[in-house]
Q: 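Just dropping this structure here.
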Amino acid sequence: MEVLLPPDDPAWRLDEPVYQPRYEAAAESRFSVSNGFLGVRGSREASRGPTWAAWLHNFSWSSWPRTFVAGLFDIPNFTPPVPALVPVADWMRVRIHLDGALLRLDHGTLLGHSRTLDYRRGLLLTDWRQRTVAGVVARVRTLRLVSQSDRAIGLQMLHFELESGAAAVTLEAAFDHSVSGLEAVRLDADMGLWRTEQTGQELAIACAADLARGGHDAPPGATAPLAWTWGWTGQAGGSATLRRMIGVARGASPQAAARAALDRAYGIGWRAVLDSHAAAWAQRWQAADVEITGDPAAQQALRFAVYHMTSAANPDDEHVSIGARALTGDGYLGHVFWDTESYLLPFYTVAWPAAARALLMYRYHSLDGARAKAAKLGWRGAMYAWESADTGAETTPDQVLDPLGRLVDVLTGKLEQHITADVSYAVWQYWQISGDAAFQRDAGAEILIETARFWASRALPGPDGLRHIRNVIGPDEFHEGVDDNAYTNRLAAWSLRRAVEAEAWLRQNWPDHAAALAARLQLSADESTVWAAAADAMAPGVTSASGILEQFEGYFALEDIDPTPFAARQGGIDMVLGHARVQGSQLLKQADVVALLGLLPDMLPPAAAKANFDYYAARCTHDSSLSRPMHALVAARLGETETALRFFREGAGTDLAATPEPAAAGGVRMATLGGLWQAAVFGFAGVSFNADGITLAPQLPPDWQTMTFRLHWQGRRVLVRLSQTGVQATLEHGDALTLRVGGAAVVLGGLGAVVAIPQTP
Ligand code: IFM
């Protein structure tokens, strides 16, 4: 059973050597497997018990099994009613009885345990040994995947051995329906059909299981729908292997598609399912790996990040996006935030352009939702939902309960409007880096135009002759209802200008498309001059004598509180200080002006950028997991390598800490992972893109001996290898381009061309 062996190289795996029930739900998040369509948390097949339970606010789950299907939302029975990603039946559940006693993870009898993510093959592997009270020793090894090459397919393997003693063994592989949020429509022996109660979506899972024992397939005993049972007399040294595969489909009448997926899996057999999945992962790693030598912790953080980002995306589905916790947990109900565009998109754009395109097409397809939101609030154009699910409609709850049970208003859905500029930014960045003219012509330009219309109506002229965006929340959510937030205003002005360019580009290159779009959107010939004028008149906000941009009007006058006592906390600072005190202080929840510097690095000269970074970093509590990686990126670009590395390591701890904080149970923090990647590639490696090629400005941390990665730019693929003493770049695909390093510009001409540029450390 060599397929069950974890990889030898510790840089290619994530290990959990000890079983800690208290942190199990958090571990299950980090050990999730996913392919952007299916996501399965890293819960054990055989847990300590069932997961039905009464509501208990003072217990945490020792296991929280979840399989999610991207885009499958329902409106559950909580208040306020907003869509949530629906968990489906747990198709991996296994019960093993030895002489009638249930084998379950139990410290008293556990002899050994490990859980390993095999990054390279995209597998979760577990291994546990247990001694029963009767003295029988059993070993159970498992493997699971959701296929990266055929996203509708899942495979589970479980290898059971009796190491000593003899026992009557029964093995039951049955769906656990108690964790599902769906209504069963029909359950047959090997097929289930469910539907969501409120949204009326259908889901089908076709499943088959077999058990190989002693070189033969053992027929299952009495079966119920989606349940298989085997029984035998086990002897020391004897073993059996369960293989269960599923085919999954959602949509109208999905049974045939689910059945077809399962048939494809059985048609090629479990081994080929595993091999083609591993081959697809190998391709993804080839394109997206970031290899670091000299710093194993940084290597681990980046592999973990690339693993989960690769797992989260589905380039074949333009109607789903990536929620804040992807398909790894219930956190934020599967909702999509600016996290996707501002933190994750750069990775996909550079490493997996097809995935980036699909994610942006989700925003294109949800333009109607964004138009409806703008119209509802009295603005023109398209205003994206702060939280969105499947349709693009606003799904932010209006109120939630705080940890003390008090109902608090959630204003982000109405006031956190910068997301509309974040989407435009991602569209533009994708277009510039990919050169995907068809996307820009058919979708990107329309997003830019409609969002520009929103900003032109939203930024209202004041008596000072400037345009003001009043009553918003910037990325720093501690301050609500502020005027002229620097991040929002400047990014809005930036996106207005890009819309002017996009509209002109369309007219010049695709006049027929431009005319059709103008007719459809009722775009007047001179509307872009309004956008340009609005951008030029956008209130720039106050800049202090020392060059600090005021985060919003009146910020400088607020109480200056030292954030140090709060920086180690995750959440709940306003519980300690009180909401009003936090609002009245300069304390920041997360990067705001610093995030603006992250997105627009050339906005300020380096000395001013550094002054702003220092000022705001000194006031930031990092109460949001998005914050530290963004600080790492900006510090790295500023050449503050030690500070950047500190933020990078702290950010990496968000999901990899030995003692995870409670929110980790809700899924991995995807934005953090995207931010870490950006800190490494855009920060330490100093990658940026120009009209004719790529610029590298590496400032590697001293321990990073080498950093190797690939960049996709306008149809080219370039392999970059940085060391402390130089840069080497190889053109692996596409036409010549210019590479800039330091003051030097060299042409990387022709396929296979290699340039080496020495650098003084
Ligand atoms: O989008 C973020 C926001 O910036 C801070 N609170 C959590 C959200 C989801 O990650």
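Residue numbers count from 1 along this sequence. Each ligand, and each atom within it, is numbered from 1 in the order the structure gives.
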Q: Counting only heavy atoms from other residues, nucleotides and ligands, does the tally under 6.0 Å from CG of Asn77 exceed 12?
A: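 Count not over threshold, so no.
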Q: Report the part of Glu477 in contact with ligand 1, treating N, CA, C, O as backbone and CB onward as side chain, heavy atoms under 4.0 Å; options are side chain, backbone, both, neither.
A: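 For Glu477, only side-chain atoms sit under 4.0 Å from ligand 1.
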Q: Where is the nearest protein heavy atom to atom 9 (C) of ligand 1: which residue, which atom, and how far?
A: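 Looking only at protein heavy atoms, the one closest to atom 9 (C) of ligand 1 is Asp339 OD2, 3.3 Å.
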Q: Between Tyr332, Trp386, Trp338, Tyr343, flag the one that comes closest to atom 7 (C) of ligand 1 by a heavy atom.
A: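 It is Tyr332 whose heavy atom sits nearest to atom 7 (C) of ligand 1.
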Q: For the pair His365 and His319, name the ring-plane relationship: parallel under 30°, tilted 30 to 60°, perpendicular over 60°.
A: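 Ring orientation of His365 relative to His319: parallel.
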Q: Parallel, tilted or perpendicular, judged at 30° and 60°: which one describes the rings of Trp494 and Tyr425?
A: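 If you compare the ring of Trp494 with that of Tyr425, the planes turn out tilted.
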Q: Hey, does the Lys NZ or Arg CZ of Arg66 hover above the aromatic six-ring of Trp64, less than 6.0 Å from the centre and inside 45° of the axis?
A: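 Flagged: Arg66 positioned over aromatic ring of Trp64.
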Q: Which of the numbered atoms in ligand 1 are under 4.0 angstrom from any heavy atom belonging to Gln590?
A: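 Matching atoms, with element in brackets: 4 (O), 5 (C).
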Q: At the 4.0 Å heavy-atom cut-off, does His335 count as touching ligand 1?
A: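 The answer is no, since His335 has no heavy atom less than 4.0 Å from ligand 1.
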Q: Give the ring-plane orientation class for Phe552 versus His479, where under 30° counts as parallel, over 60° as perpendicular and anything between as tilted.
A: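 Ring orientation of Phe552 relative to His479: tilted.
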